[in-house]
**Student:** 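What follows is a single structure, and I will ask about it in a moment.
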Amino acid sequence: MDKASIAPPDAVLTFSEKNFRPSVVEGELYDWWERSGFFAPPATPAPGEKTFVMMLPLPNVTGDLHMGHALGFGGYEDLMARWHRMQGDATLYLPGTDHAGIIAQIVVEKELAKETDKKGLTREQFLGEMWKWMRHYQPRIYGQLRMLGCSLDWSRVHFTMDPDMQQRVRTHFIRLYKRGRLYRADRIVHWCLTCQTTFSDLELLHVERTDQLSYVRYPWADAMPDGTPDVIVATTRPETIVADTAVAVHPEDARWKPFIGRDVLVPLVERRVKIIADEAVDPAFGTGALKVTPGHDQTDFEIGQRHSLPIISAIDKSGTMTGQAGILSGELRDAARARAVEVLKQRGLLVRQEPITHAVGIHDRCQTVEEPLVMRQWFMRMKELAAPAIEAVRSGKIQIVPAYQEKIYFEWMENIRDWAIARQIWWGHSIPAWYCRDCSEIVVPDEDAPDPTACPKCRSNDLAQDPDVLDTWFSSALWPHTTLGWPERTADLARFYPGTMLETGYDIIFFWVARMIMMGIENMGDVPFRTVYLHGLVRIGGQKMSKSKGNVESPVGVIQELGADTLRFALVNGVSAGADSELSEGKLQNAREFANKLWNIGRFVLRTLEARPQTGWAADRRPVDDAALGPAERWILSRTEAAIAEATRLLETYHFGEYVAALQQFAWGEFADVYLELAKSSLRDERRADGAARTLAYVLDRVLRLLHPSMPFITDTLALQLWRALPTDEGAPSLVVARWPLAGPRDLALEERFAVLVDVVRAIRNLRQAAGARPGQRLAVTLGGETGAIRELADAIAHLTQTTVTFGGGAGPAVVVRAVEVRLGIEQDAAGHRARLERDLAEARDALARSRELLARPGFAEKAPAAVIANERAKLAEREERVRLLEAEIARLA
RNA sequence: GGGCUGUUGGCUCAGCUGGUUAGAGCGCUGCGUUCACAUCGCAGAGGUCGCUGGUUCGAAUCCAGCACAGCCCACCA
């Protein structure tokens, strides 16, 4: 496609209001960018072209964007994508959404519950409704991503439940199964009584809760000698006593060691069980004796496995006590607990109760207290999958930013447990496994084969497909390669895998990042990305945002009010990798003011250009160092090169917060506050006006390029207008595809002199204020000391201070100009001038003493680097001179 | 129980491969402003860089311990 063939929108080219109004241009610009194909890299590379590939951390299809998304997508990811695109990399930033399994199903169930005719739906009907909702939600979230300005390649958008994606997940499951990575077994799993599904370890959260800890006596099964201690166990779940199949003690616990192997009777059911020894028991807790309930407790299940204990299921999926529960059967879990305590009390087996604060497991999606149940489930063997994924990070093939997150990654990966991948819900990827009703054989078809209709073992046609679906993360773990066409060997896959960057929040490093690394290596033989950049949470008013706190600020609302650029800039400003951040009103306000500042800088430059002929100019051509350029021009040009180098360095090292801050400082503090003011005077002088105008255009061009990754809308609006007034040599149709600037040579000596100028200007301004000079009122000031270095800047000083400057001259070390303020002869007496000088003198003497002390310190001369010593010597000379001048000035006044 | 991170002006945070006078934004004080921008300009006040030791010529920066805050992991029933 000819990228220049579509003209930029008129609304953008002609927008010229005094204040920038994002709503006028943002939508128009984004449409134009997208239609122009700027975001869609071709699958065939140009010679020597590098790629930059980053997958959008696919948001849930059912949600709206929240601030965390805005920070990740708009703040960091799009910034990186745009920066790389400007460097000429073929940049793929691939969008999509996640079907969000349980969450989406809960959302839609709630919606359907409001409609009376939508109750009691069949599975097929319900899935029909799910799809209806998907089609409703999806454009909404995609629209919000566009509002943020994300330069996503919409021609490659994917949804985890698209038919082709479903096929790819099916293939993945089958391959893993055939390779022995998957197995089905009776194991204890986390069960949610509300959601009626299992969930993985990662989805289990813990909350502190206070419960009653009951001490219960388990009578000896056989007669014991006098003085034998009672076996008393402590439990918070007395209702599970009926499912106990042992009592465990620590093997080294002297109190219990003699009784290991003896039998006790489980209360309520009078079952004879053994006292066993197991390391898992904490001898310090309770009495040191633990009731073992393999059917309803994770630890106990593992103890049971080690000792081949029978498993009794006393609670069913609905939370009702089963027929195995003896006298408790038929009761609900909580009622059964009370009943158990009551009966134990009656029988004299309840020794005592005390309150205990402990952690209870809850389901992260609904906060319901989990019920561990033993069920036949699909699991993924993780140990072997984790090994190469650990190695990939350890060897540096994948870099995690910030680096300390690597420790957390290793910690989890090295202790990884098998992953329960099935969910007992309807919305999700079906499991391509069938069970023979006659011989119980598991039938998993070959990857290209149709669904099986007969059991290969017993020839029965009575097959039933597994009714469960796969965990949402099972499919999102494949995102970096399935979106590119895997398992087919597509051109996209060849070109864009492995990817470059994965940017996301640190809260899903295990859920998503680790699993993508494992599955990428498993399916592709290579890691899915080279760098993982993790960002923190966004807080508002010091608190983590959550709906229950009511402090969820919608990024969409902020964009509509203040613009995407403002939000993007504010989110990233002053934030470092991995750190949580605070999005305050003040930050947003500052970002908005900066955007407006930029807009007005642009207006000033455009107005300047309008008035002059521009033969032989180009906006991106650096004005040559000729007679038309005054010192101010040469200075800002040099500072521009510094800003380019600094911005590039900060981006290369992922210091995004500092990158935006540095550019704000340059554009506002140097370009606008200093140079623009100076340019006004240059523009009045016909000999220098052209040089000033060209400098304004060039520096603006650079500033716009440098800021475009963070503030794409306002920068492109200005660039399009600037380039229409003054075309570029490059000829890029938009900043989106314009080149990132390369830093050129600087004039460090001039920059240093200008730093002196800034000091002098400040000193004069202070004097004016002290002298009570009115604005516009001219003052004559004489500069003393070695002023040669700044003489050529006299006009600049005069302009910036509205003061007539004369130079007293005088030879001496160059540093004397730093003390210039003491020699300023102001014609009228300045109130407080002398007090000010006294104070300065005291400070100067302190500084001098510090320099002397440091230079005289034993070891300094021998051990400090030469540059540091030289610097300190120069400082000493400067300070001596300053003290001398201050003393002289005070003496003169007196 | 294990681990991670943070503690820098009133607030929110940068800086920390050790080396000028520790920075920014907001807030605050004073002055100013038709002429790109009041979404503005200028000036100013405000910090023993959590505490205690150590290494070093030199520590906000490196090391150890401690305190406080937050987070993650974990089979304390």
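The sequence lines fix the lettering, A, B, ..., with proteins before strands; numbering per chain opens at 1. Below, each value reflects all heavy atoms present in this structure, side chains not excepted, and no hydrogens, waters or symmetry copies.
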**Student:** What is the distance, rounded to the nearest whole Å, between atom CG of A:Leu876 and atom P of B:U21?
**Tutor:**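 After rounding, the reported distance stands at 12 Å.
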
**Student:** Within the structure, does a side-chain N or O atom of A:Lys587 lie under 4.0 Å from either OP1 or OP2 of B:C13?
**Tutor:**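 Checking B:C13 against A:Lys587, no side-chain N or O comes under 4.0 Å of OP1 or OP2.
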
**Student:** Let me spell it out: for each of A:His358 and A:Gln589, pick the nucleotide of RNA chain B with the closest heavy atom. Which residue's pick is nearer the 5' end?
**Tutor:**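 The residue closer to the strand's 5' end, by nearest nucleotide, is A:Gln589.
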
**Student:** Name the nucleic acid region contacted by A:Ala234, choosing base, sugar-phosphate or nothing; use a 4.0 angstrom heavy-atom cut-off, strictly under.
**Tutor:**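 It contacts base atoms.
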
**Student:** Just checking, any donor-acceptor pair under 3.5 angstrom between side chains of A:Thr235 and A:Ser214?
**Tutor:**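 No, no side-chain donor-acceptor pair sits under 3.5 Å.
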
**Student:** Can a donor-acceptor pair be found between the side chains of A:Glu203 and A:Ser200 at a distance below 3.5 Å?
**Tutor:**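 There is such a pair between these side chains.
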
**Student:** Respond yes when some side-chain nitrogen or oxygen of A:Trp668 is under 4.0 Å from OP1 or OP2 of B:G41, and no when none is.
**Tutor:**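 Answer yes for this pair, as a side-chain N or O of A:Trp668 is under 4.0 Å from OP1 or OP2.
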
**Student:** Is B:C68 paired to anything, Watson-Crick or G-U wobble with both distances less than 3.5 Å, and if yes, which nucleotide?
**Tutor:**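 Per the H-bond distance test, B:G6.
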
**Student:** Contact class for A:Leu676 vs. all strands (heavy atom < 4.0 Å): base, sugar-phosphate, or nothing?
**Tutor:**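 Base: the residue A:Leu676, judged by heavy atoms under 4.0 Å, touches a nucleobase.
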
**Student:** When the P atoms of B:U7 and B:C63 are compared, how many Å lie between them, rounded to an integer?
**Tutor:**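 B:C63 and B:U7 have their P atoms separated by 14 Å.
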
**Student:** Which part of the nucleic acid does A:Glu411 contact within heavy-atom distance under 4.0 Å: base, sugar-phosphate only, or nothing?
**Tutor:**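 Touches nothing.
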
**Student:** B:U21 phosphate, OP1 or OP2: any side-chain N/O from A:Lys875 under 4.0 angstrom?
**Tutor:**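 Yes, within the criterion.
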
**Student:** In residues 281-293 of chain A, what residues come within less than 4.0 Å of RNA chain B, judged by heavy atoms?
**Tutor:**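 RNA chain B contact set from residues 281-293 of chain A: A:Val281, A:Asp282, A:Phe285, A:Leu290.
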
**Student:** Need one value for A:His206: base, sugar-phosphate or nothing, where a base atom within 4.0 Å counts as base even if backbone is also close, heavy atoms only.
**Tutor:**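 Since no nucleic acid heavy atom lies under 4.0 Å of A:His206, the category is nothing.
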
**Student:** Over 60° means perpendicular and under 30° means parallel, so classify the ring planes of A:Tyr675 and A:Phe671, tilted if in between.
**Tutor:**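 Parallel: the ring planes of A:Phe671 and A:Tyr675 meet at under 30°.
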
**Student:** What's the CG-P distance between A:Leu678 and B:C42, to the nearest Å?
**Tutor:**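 Result: 12 Å.
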
**Student:** Between B:C37, B:G19, B:U39, which nucleotide has the shortest distance from any of its atoms to the side chain of A:Arg592?
**Tutor:**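 My answer, after comparing the listed nucleotides, is B:U39.
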
**Student:** Give the rounded distance in Å between these two atoms: CD of A:Gln405 and P of B:U5.
**Tutor:**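 So the two atoms are 9 Å apart, to the nearest Å.
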
**Student:** At 4.0 Å (heavy atoms only), tell me whether A:Ser576 reaches a base, stays on the sugar-phosphate, or touches nothing.
**Tutor:**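 Sugar-phosphate only.
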
**Student:** Please work out which of the three classes, parallel, tilted or perpendicular, describes the rings of A:Phe199 and A:His190, given edges at 30° and 60°.
**Tutor:**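 If you compare the ring of A:His190 with that of A:Phe199, the planes turn out parallel.
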
**Student:** Is A:Arg879 touching bases, backbone alone, or none of the nucleic acid, heavy atoms closer than 4.0 Å?
**Tutor:**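 Sugar-phosphate only.
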
**Student:** Does a side-chain N or O from A:Lys407 land closer than 4.0 Å to OP1 or OP2 of B:C71, or not?
**Tutor:**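 So the side-chain polar atoms of A:Lys407 never come under 4.0 Å of the phosphate oxygens OP1 or OP2 of B:C71.
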
**Student:** Where the side chain of A:Lys18 is concerned, which of B:C37, B:U39, B:C13 is the nearest nucleotide?
**Tutor:**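 Of the candidates, B:C37 comes closest.
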
**Student:** Under 4.0 Å, heavy atoms only, any strand: does A:Glu677 hit a base, just the sugar-phosphate, or nothing?
**Tutor:**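 It contacts base atoms.
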
**Student:** Compare the minimum distances between each of B:U39, B:A77, B:C72 and the side chain of A:Glu593, then state the nucleotide with the smallest one.
**Tutor:**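 Closest of the options to the side chain of A:Glu593: B:U39.
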
**Student:** Which atom names give the shortest non-hydrogen contact between A:Gly505 and A:Leu534, and what distance separates them?
**Tutor:**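 Looking at all heavy atoms of both residues, the closest pair is O-CD2, 3.9 Å.
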
**Student:** Base, sugar-phosphate or nothing for A:Arg762? Non-hydrogen atoms, less than 4.0 Å.
**Tutor:**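 Contact class for A:Arg762: sugar-phosphate only.
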
**Student:** Using a 3.5 Å distance criterion without hydrogens, assess whether the side chain of A:Gln721 forms a donor-acceptor pair with backbone atoms of A:Phe15.
**Tutor:**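 Pair found, side chain donor or acceptor close to backbone of A:Phe15.
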
**Student:** So what does A:Pro865 hit on the nucleic acid, given a heavy-atom distance under 4.0 Å: a base, only sugar-phosphate, or nothing?
**Tutor:**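 Base, at least one base atom sits under 4.0 Å.
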
**Student:** Parallel, tilted or perpendicular for A:Tyr76 and A:Tyr533, by the 30°/60° rule?
**Tutor:**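 Answer is tilted, since the angle falls between 30° and 60°.
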
**Student:** Work out which heavy atom in A:Leu609 is nearest to a heavy atom in A:Ala693; give both atom names and the distance.
**Tutor:**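 Closest approach of A:Leu609 to A:Ala693, heavy atoms only: CD2-O, 4.0 Å.
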
**Student:** For the side chain of A:Asp297, starting at C-beta, report the closest nucleotide among B:C37, B:A77, B:C4.
**Tutor:**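 Nucleotide nearest to A:Asp297's side chain: B:A77.
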
**Student:** Of all heavy-atom pairs between A:Tyr409 and A:Ile390, which one has the smallest distance, and what is that distance?
**Tutor:**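 Looks like OH-N, 4.1 Å.
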
**Student:** Are any side-chain N or O atoms of A:Arg217 and backbone N or O atoms of A:Pro267, one a donor and one an acceptor, separated by less than 3.5 Å?
**Tutor:**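 Side chain of A:Arg217 to backbone of A:Pro267: no pair is present.
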
**Student:** Just call it for A:Arg765: base, sugar-phosphate, or nothing, with non-hydrogen atoms closer than 4.0 Å on any strand.
**Tutor:**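 It contacts sugar-phosphate atoms only.
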
**Student:** Any strand counts, and the cut-off is 3.5 Å on both contacts for Watson-Crick or G-U wobble. Which nucleotide pairs with B:C76?
**Tutor:**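 In the structure as shown, B:C76 has no Watson-Crick or wobble partner.
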
**Student:** With both distances under 3.5 Å as the test, what is the Watson-Crick or G-U wobble partner of B:U21?
**Tutor:**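 Base partner found: none.
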
**Student:** Once you round it to whole Å, what is the distance between C1' of B:U20 and CG of A:Asp846?
**Tutor:**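 Between C1' of B:U20 and CG of A:Asp846: 16 Å.
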
**Student:** More 5' along RNA chain B: A:Arg857 or A:Val761, using each one's nearest nucleotide?
**Tutor:**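 Mapping each residue to its closest nucleotide by heavy atoms, the 5'-most match is A:Val761.
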
**Student:** Tell me what A:Ala359 touches on the nucleic acid: a base, only sugar-phosphate, or nothing, going by heavy atoms under 4.0 Å.
**Tutor:**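 Here A:Ala359 touches the backbone only, sparing every base.
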
**Student:** Would you mind classifying the nucleic acid contact of A:Arg417 as base, sugar-phosphate or nothing, using non-hydrogen atoms under 4.0 angstrom?
**Tutor:**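 Sugar-phosphate, no base atom in range.
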
**Student:** Output the single nucleotide from B:C73, B:C4, B:A36 whose closest atom is nearest the side chain of A:Asn600.
**Tutor:**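 Within the option list, the nearest is B:A36.
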
**Student:** Would you kindly give the CZ-to-C1' distance between A:Phe20 and B:A36, to the nearest whole Å?
**Tutor:**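 Rounding to the nearest Å, CZ of A:Phe20 and C1' of B:A36 are 15 Å apart.
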
**Student:** Look through every strand shown and name the nucleotide pairing with B:U29 as Watson-Crick or G-U wobble, where both distances are under 3.5 Å.
**Tutor:**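 In the structure as shown, B:U29 has B:A43 as its Watson-Crick or wobble partner.
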
**Student:** Take atom CD of A:Glu658 and atom P of B:G23, then tell me their distance rounded to the nearest Å.
**Tutor:**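 Atom-to-atom, A:Glu658 to B:G23, this comes out as 15 Å.
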
**Student:** Have a look at A:Ala591 and say if it touches a base, only the backbone sugar-phosphate, or nothing, with a 4.0 Å heavy-atom cut-off.
**Tutor:**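 It contacts nothing in the nucleic acid.
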
**Student:** Take atom CD of A:Gln664 and atom P of B:C26, then tell me their distance rounded to the nearest Å.
**Tutor:**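 Between P of B:C26 and CD of A:Gln664: 8 Å.
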
**Student:** Looking at the side chain of A:Asp673, which of B:A36, B:U5, B:C42 is the nearest nucleotide?
**Tutor:**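 The answer is B:C42, which lies nearest to the side chain.
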
**Student:** For atom CD of A:Glu585, decide whether the heavy atoms of other residues, nucleotides or ligands shown that lie under 6.0 angstrom number more than 12.
**Tutor:**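 No.
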
**Student:** Can you measure A:Phe604 atom CZ to B:A36 atom C1' for me and round it to whole angstrom units?
**Tutor:**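 Rounded to whole Å, this separation is 6 Å.
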
